[in-house]
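Atom set for the values below is all heavy atoms of this structure, side chains included, hydrogens, waters and symmetry mates excluded. Bear in mind that the values here come from a model prediction, so they are computed numbers and not experimental data. The sequence lines fix the lettering, A, B, ..., with proteins before strands; numbering per chain opens at 1.
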Number of protein chains: 2
Amino acid sequence: MKPSSASDCCPAPKSEPDLRPIEGEEADEELAVLAKAVGHLARVQILRILVRRTTCVCGDIVDELPLAQSTVSQHLKVLKDAGLIRGEVDGPRVCYCIEPRALRRLKVLVAGL
Amino acid sequence: MKPSSASDCCPAPKSEPDLRPIEGEEADEELAVLAKAVGHLARVQILRILVRRTTCVCGDIVDELPLAQSTVSQHLKVLKDAGLIRGEVDGPRVCYCIEPRALRRLKVLVAGL
DNA sequence: TATACGTATCGTAGTATAACGATGAAACCG
DNA sequence: CGGTTTCATCGTTATACTACGATACGTATA
């Protein structure tokens with residue numbers, strides 16, 4: 001097992017202000033996309049796993065869920081397409097981590113309701 | 001047009017503390033259900049309409065969306081099933097309003113990510 | 001180079017969602 | 001009573017989602 005350059009892919013939270021509007025058609029669409037991505041138990045659990053560990057998680061996500069590898073991979077893709085997570089290739093494996101900016105955006109949009 | 005007893009169905013925010021856990025299997029499931037309900041543009045827009053007006057909205061929701069009446073009715077049902085809104089029958093129409101408790105719950109769960 | 005490992009992608013089947021028009025049911029108005 | 005308004009439900013069609021096994025692909029290790 002390699003040390004893995006996991007620390008590379010998890011960006012520091014970087015609290016640069018988010019200037020995007022919190023209302024309007026575009027914000028609505030954004031919220032819908034983000035919420036839809038979160039709208040599945042498996043994906044909520046994946047997010048929880050990634051949030052809990054500040055470091056990146058390589059693949060062991062599959063072991064924590066009662067789902068086939070291909071299914072988990074699909075859920076990861078959904079989250080990635082929504083921008084909520086990022087996957088960094090690290091040798092033979094892939095390291096996933098939260099995209100803090102998107103998660104913060106989701107929180108802001110929901111809080112704005 | 002009747003005065004409508006709209007004020008009856010919109011409960012005061014009532015900030016009684018929410019003792020439900022913010023994590024764990026049950027919370028995850030709850031978040032998934034709520035997020036799924038929000039995960040559609042039309043439903044986000046409906047929520048926005050209901051939040052904006054503190055008073056209940058009787059049916060004019062259909063006029064504000066570019067969707068057929070039956071489609072809007074379905075979306076309302078989804079939101080109602082998720083517990084996010086409530087529909088009070090008021091004579092021939094139905095008054096919809098936010099269920100503050102559920103909305104607050106959603107905010108707490110998302111913020112807890 | 002061959003083998004093993006970790007993931008992604010493909011193909012598929014079953015189920016759910018979204019949209020609409022048409023129809024129904026309940027409450028009001030004439 | 002008969003018609004109108006308001007909303008829900010039904011039936012249908014098209015599309016999307018979820019899950020799985022099988023397979024392909026890239027990277028390390030023997």
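Under the side-chain contact (heavy atoms from CB on, under 4.5 Å) criterion, B/T71 pairs with B/L67, B/A68, B/H75, not counting sequence neighbours. Residues satisfying the salt bridge (Lys or Arg N to Asp or Glu O under 4.0 Å) criterion with A/E30, sequence neighbours excluded, are A/R20, A/R105. In this view, A/E29 satisfies the side chain to side chain donor-acceptor pair (under 3.5 Å) rule with no residue, not counting sequence neighbours. Scored by the salt bridge (Lys or Arg N to Asp or Glu O under 4.0 Å) test, B/K77 finds B/D81 as partners (sequence neighbours excluded).
Counting heavy atoms from C-beta on, the side chains of B/R48 and A/E23 come closer than 4.5 Å. Between A/L50 and A/I61, the closest side-chain pair of non-hydrogen atoms falls below 4.5 Å.
Across the protein-nucleic acid pair, B/D81 atom CG and D/dT9 atom P stand 9 Å apart, rounded to whole Å. When the P atom of D/dT6 is taken as reference, atom CG of B/D90 falls 12 Å away, rounded to whole Å. Spacing between atom CG of B/D63 and atom C1' of D/dT6 amounts to 11 Å, rounded to whole angstrom units. Between the CG atom of B/L65 and the P atom of C/dA18 there is a distance of 14 Å, rounded to whole Å. In this structure, the CG atom of A/L79 is 13 Å from the P atom of D/dC17, given to the nearest Å. Rounded to whole angstrom, the span from the CD atom of A/E64 across to the C1' atom of C/dG6 amounts to 16 Å. What separates CG of B/L67 from C1' of C/dC20 is a distance of 10 Å, to the nearest Å. B/Q74 has its CD atom 12 Å from the C1' atom of C/dG21, to the nearest Å.
Distances were taken from every side-chain heavy atom of B/R93 (C-beta onward) to each of D/dT6, C/dA8, D/dT27; the shortest belongs to D/dT6. Taking every side-chain heavy atom of B/Q69 into account, D/dC7 is the closest of D/dC7, C/dA19, C/dG21.
Across residues 28-37 of chain B, not one residue has a non-hydrogen atom less than 4.0 Å from an atom of DNA chain D. For the contact set between residues 38-45 of chain B and DNA chain D, defined by any heavy atom under 4.0 Å, there are no members.
In the hydrophobic clustering of ILVMFWY residues, with side-chain heavy atoms under 4.5 Å counting as a link, B/I85 and B/V72 come out together. Each of A/L103 and A/V78 belongs to its own hydrophobic cluster when Ile, Leu, Val, Met, Phe, Trp and Tyr are linked at side-chain heavy-atom distances under 4.5 angstrom. By the rule that hydrophobic residues join a cluster once side-chain heavy atoms approach within less than 4.5 Å of another member, A/V44 and B/V33 end up as members of separate clusters.
Look at A/T71 and you'll find a side-chain N or O under 4.0 angstrom from OP1 or OP2 of D/dC20. The shortest distance between the side-chain N/O atoms of A/H75 and the OP1/OP2 oxygens of D/dC17 is not below 4.0 Å.
Take the nearest nucleotide of DNA chain C for A/L76 and for B/S70: the residue whose nucleotide is more 5' is A/L76. Along DNA chain D, the nucleotide nearest to A/A68 and the one nearest to A/P92 differ in position, and the one closer to the 5' end is contacted by A/A68.
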